[in-house]
Number of protein chains: 2
Amino acid sequence: MSWTFSQRAQQLTSSAIREILKVTERPEVISFAGGLPAPDTFPVERLRASSEAVLAANPTAALQYGPTEGYMALREWLAARHSTPQLRIDPANVLVTTGSQQALDLLGKVLIDPGSRVLVETPTYLGALQAFSLSEPEYVAVPSDASGPIAAAVTAELLAGARFMYCLPNFQNPSGRRIPLARREEIAAIAVRHGLLLLEDDPYGALSYAGDALPSLLSLCPHNVVYMGSFSKVLAPGLRVGYLIAPPELHRKLVQAKQAADLHTPSYTQRIVHQTIKDGFLDEHIPTIRALYAQRCAAMLEAMDEYFPAQVRWNRPEGGMFIWVELPQGMNSFELLDRAVARNVAFVPGAPFFAHQPQLNTLRLSFATVPPDRIRQGIAVLGEILREAGKGVS
Amino acid sequence: MSWTFSQRAQQLTSSAIREILKVTERPEVISFAGGLPAPDTFPVERLRASSEAVLAANPTAALQYGPTEGYMALREWLAARHSTPQLRIDPANVLVTTGSQQALDLLGKVLIDPGSRVLVETPTYLGALQAFSLSEPEYVAVPSDASGPIAAAVTAELLAGARFMYCLPNFQNPSGRRIPLARREEIAAIAVRHGLLLLEDDPYGALSYAGDALPSLLSLCPHNVVYMGSFSKVLAPGLRVGYLIAPPELHRKLVQAKQAADLHTPSYTQRIVHQTIKDGFLDEHIPTIRALYAQRCAAMLEAMDEYFPAQVRWNRPEGGMFIWVELPQGMNSFELLDRAVARNVAFVPGAPFFAHQPQLNTLRLSFATVPPDRIRQGIAVLGEILREAGKGVS
């Protein structure tokens, strides 16, 4: 018995990161590889109480099929959360998704034909590349710097026929960078001028530990943006509750695609999330997550300052979960990983995060799940390996 | 601001049924339209206890990201459940999905190119047509009778280039029919002879109220089958936990597609399902569901015998949730629906369930959620409408 896979399936490969993560599950490994939030931040007792309250209040609704668009009370909460004095979000434009990964899948389905041009940052989120790739786009990697995609590089030529530009303005996975306000305004202006659709992916937006949140692209040019958010980093990813906010015509198509994809996101988990957050819980909870990550980020930066050789460069994130490292040209972070894993330390090579021309001398470090003393230990080992490898390169 | 939808998105339309269901949410409507299980069957107290137990036992695992393949203990349970003395299912071949609707989406992505030939029953499950259609197949509607797809009609010519045949052997939605053993054996023989892949969709298999379950296609020709199952009809659909069993090479591709689709099914709901069923609960619970549906089915058949005009035909299901009705040629069930809704009774027209050449004189009745006295009342009204309409036709 054999079968024929579709064109798109023939291109599917298992994520390199996924294979790495399997290795790093051994408890003796100090892993900076995962993209997981710290489980210490999961509000277990609240979620237990919410589960009970939801089943007590309306067990039938919590356990029955529900509307594809999502639980209306949650959609209303989300609309209010994202409304500003200048911009009222209509709950009708909110779609609850099975994690924000599903939003990427639905957007790819609805907006990409084989060969369609899609603009992405350099580097960009691997999970988005995986989701969009099933619709076989032609990626255009927009030249980017420490402030994100370079607006001047988004020329009319680059934009010709582009279905959308995919942006991660806050503490991007993998680079940890935040797009500053001036750059956001430039991108919004380009979008409005050229009728460009922006997909704004914002799972880390709440995790700023250096000052206030910056205005979203959604708030800067609402007619040109599909906004994606998630409860994975502020409550718990195992609930798989994300959402998107989209203009009406696009929202309608996304709902139809979602109906075919999984009918709806679990009624039970949607209601648990709503029950947990409806009375302001996130406003007390999120600061505790920020404080934990800020401390771990500082510990990692301090250890890097101490142990990493001078030729290695990295950023100093203002939020989120990741630090991005650039090694001297000629170094290959995959080779480095082998040496690191042999010494029970893991990270993720940067190459898979590039749509084109992967920079083999980059890597991503996550500090979110590792306590400061283990961070120090692991960074010291990486420092030694970097010094050894540096000798080979000169 | 405007944007370009993908080819596949331009074909997307909202399900006719979905629009009908919105009308029928008014409490005064006696609805035979829904495909919902009876909420009286949801084991609320068990699920509450399971939620609590899962969060007490291992809150981190229940709330953290998990493997794309699903929770291993649940996969092991499912493999054991579907193993027979003749056939051992390997847990490695099980993939937990976000409802079995997601299995349809993943299979479409991995197996269908635009124009690929896909064989379906006549009629067939609308949700599968919606999921597959996003990959733009060329449907071939296999001639079918009261025993399911007619094996003799599945000729070599029909099979040429077919990616798979999609089958619902047990109490099919919409027709309620069960494929008898002899017909199953014929279909399995064709699959083996021609190297045809069969997608066996089995959400209602446990709901037989006329004798034992029949052997699955999976058990008859395991190398040629992807089997899809669900907890929606035996526990609760709001948990959105389904699964598939697939040969290793195909399973691998489906896992990759699932990773891009939603990373994984919620860890929490998977563990709640496993906690609920692991000690044999379904073996005591499912007979109570069967008894309820058998009683409601009998009530509906009795009322139809009494109130429906002689020219109307219908089947007598041996399980599941649906009765399929054929009106005299020339009658249009959409027109009938308007009259029925005006009198606060609803059903679903049969036409959307046909890949080609919809039979406008068919309709689907669900008895699952309606108590016997209301069934009787609603069928009496439909009987009157049918008589009135019948005068116009003959």
Side-chain angles (χ1 to χ4, degrees), chain A residues 1-9 12-15 18 36 39 42 44 47-48 51-52 55 59-60 62-66 98-99 101-102 105 109-113 116 130-131 134-135 163 195 197 223-224 236-240 247 250 253 256-257 259-263 265-269, chain B residues 1-9 12-15 18 36 39 42 44 47-48 51-52 55 59-60 62-66 98-99 101-102 105 109-113 116 130-131 134-135 163 195 197 223-224 236-240 247 250 253 256-257 259-263 265-269:
Chain A
M1 176 64 207
S2 72
W3 41 76
T4 307
F5 288 123
S6 62
Q7 286 282 337
R8 73 181 76 81
L12 275 173
T13 51
S14 189
S15 139
R18 202 155 172 268
L36 312 183
F42 300 162
V44 178
L47 293 169
R48 194 203 58 69
S51 302
E52 187 152 335
L55 285 183
T60 294
L63 298 172
Q64 186 58 283
Y65 286 115
T98 307
Q101 183 68 31
Q102 187 184 47
D105 177 60
K109 279 173 172 161
V110 161
L111 291 169
I112 304 174
D113 283 310
S116 294
Q130 289 178 310
L134 280 162
S135 297
R163 294 290 170 90
L197 179 65
H223 300 295
N224 291 69
L239 300 170
R240 311 300 307 120
L250 190 45
K253 286 285 181 202
Q256 291 163 2
Q259 192 183 18
D262 66 0
L263 298 182
T265 295
S267 318
Y268 188 34
T269 53
Chain B
M1 175 64 204
S2 72
W3 41 76
T4 308
F5 288 123
S6 62
Q7 287 282 336
R8 74 180 76 81
L12 275 172
T13 51
S14 189
S15 137
R18 200 156 174 269
L36 313 182
F42 300 161
V44 178
L47 293 170
R48 194 203 58 72
S51 302
E52 187 152 333
L55 285 182
T60 294
L63 298 172
Q64 187 57 286
Y65 286 114
T98 307
Q101 183 68 32
Q102 187 183 48
D105 177 60
K109 280 174 171 162
V110 160
L111 291 169
I112 303 174
D113 284 309
S116 293
Q130 289 180 310
L134 279 162
S135 298
R163 294 292 168 91
L197 180 65
H223 300 295
N224 291 68
L239 301 170
R240 309 303 305 121
L250 190 45
K253 286 286 181 201
Q256 291 163 3
Q259 192 184 18
D262 66 0
L263 297 181
T265 295
S267 317
Y268 188 34
T269 52

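So that the names make sense, note that chain A is the first sequence line, chain B the second, and so on, each numbered from 1. Remember, it's a predicted structure, so these values are computed and weren't measured experimentally.
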Practice prompt. Give the member of B/A9, B/P237, B/P247 that has the highest number of heavy-atom pairs under 4.5 Å with chain A.
Written response: B/P237
Worksheet item: To the nearest 0.5 Å, what is the distance between CG (A/D113) and OG (B/S6)?
Response: 5.0 Å
Worksheet, complete the sentence: Nearest heavy-atom approach of A/V110 to B/L12 is CG2-CD1, 4.5 Å
Discussion item. Using 0.5 Å steps for rounding, measure from the CZ atom of B/R240 to the OG atom of A/S267.
Written reply: 8.0 Å
Worksheet entry | A/R163 portion near chain B, given a 4.5 angstrom heavy-atom threshold | side chain
Worksheet item: Looking only at heavy atoms, what is the nearest atom pair of B/A260 and A/A131, with distance?
Response: O-CB, 3.7 Å
Fill in: Rounded distance [0.5 Å steps], CH2 in A/W3 versus NZ in B/K253
12.0 Å
Worksheet entry | Contacting moiety of B/S116, where chain A heavy atoms sit under 4.5 Å | neither
Discussion item. With rounding to the nearest 0.5 angstrom, report the CD to CD distance, A/Q256 to B/Q130.
Written reply: 9.0 Å
Discussion item. Out of A/L250, A/L197, A/L111, A/T60, return the one with the most heavy atom pairs under 4.5 angstrom to chain B.
Written reply: A/L250
Practice prompt. Rounded to the nearest 0.5 Å, what's the gap from CD on A/Q7 to CD1 on B/I112? Could you check?
Written response: 14.0 Å
Worksheet entry | Residue, of B/L47, B/T265, B/N224, that accumulates the most heavy atom pairs under 4.5 Å with chain A | B/N224
Practice prompt. Measure distances from A/L134 to the heavy atoms of chain B and classify the residue's part below 4.5 Å as side chain, backbone, both or neither.
Written response: side chain
Worksheet item: Taking atom CD of A/Q102 and atom CG of B/D105, what is their separation to the nearest 0.5 Å?
Response: 8.5 Å
Fill in: A/T4 versus chain B, the contacting section by heavy-atom distance below 4.5 Å
both
Discussion item. Restricting to salt bridge (Lys or Arg N to Asp or Glu O under 4.0 Å), what partner residues turn up for B/R8, sequence neighbours left out?
Written reply: none
Worksheet entry | Interface moiety of A/Y65 toward chain B, non-hydrogen atoms closer than 4.5 Å | both
Item to complete: Check side-chain contact (heavy atoms from CB on, under 4.5 Å) between A/A62 and all other residues, then give those that pass, not counting sequence neighbours.
Response: A/V54, A/L55, A/Y268, A/R271
Response to the item:
Nearest heavy-atom contact between A/E52 and B/R48 is OE1-NH1, 3.9 Å
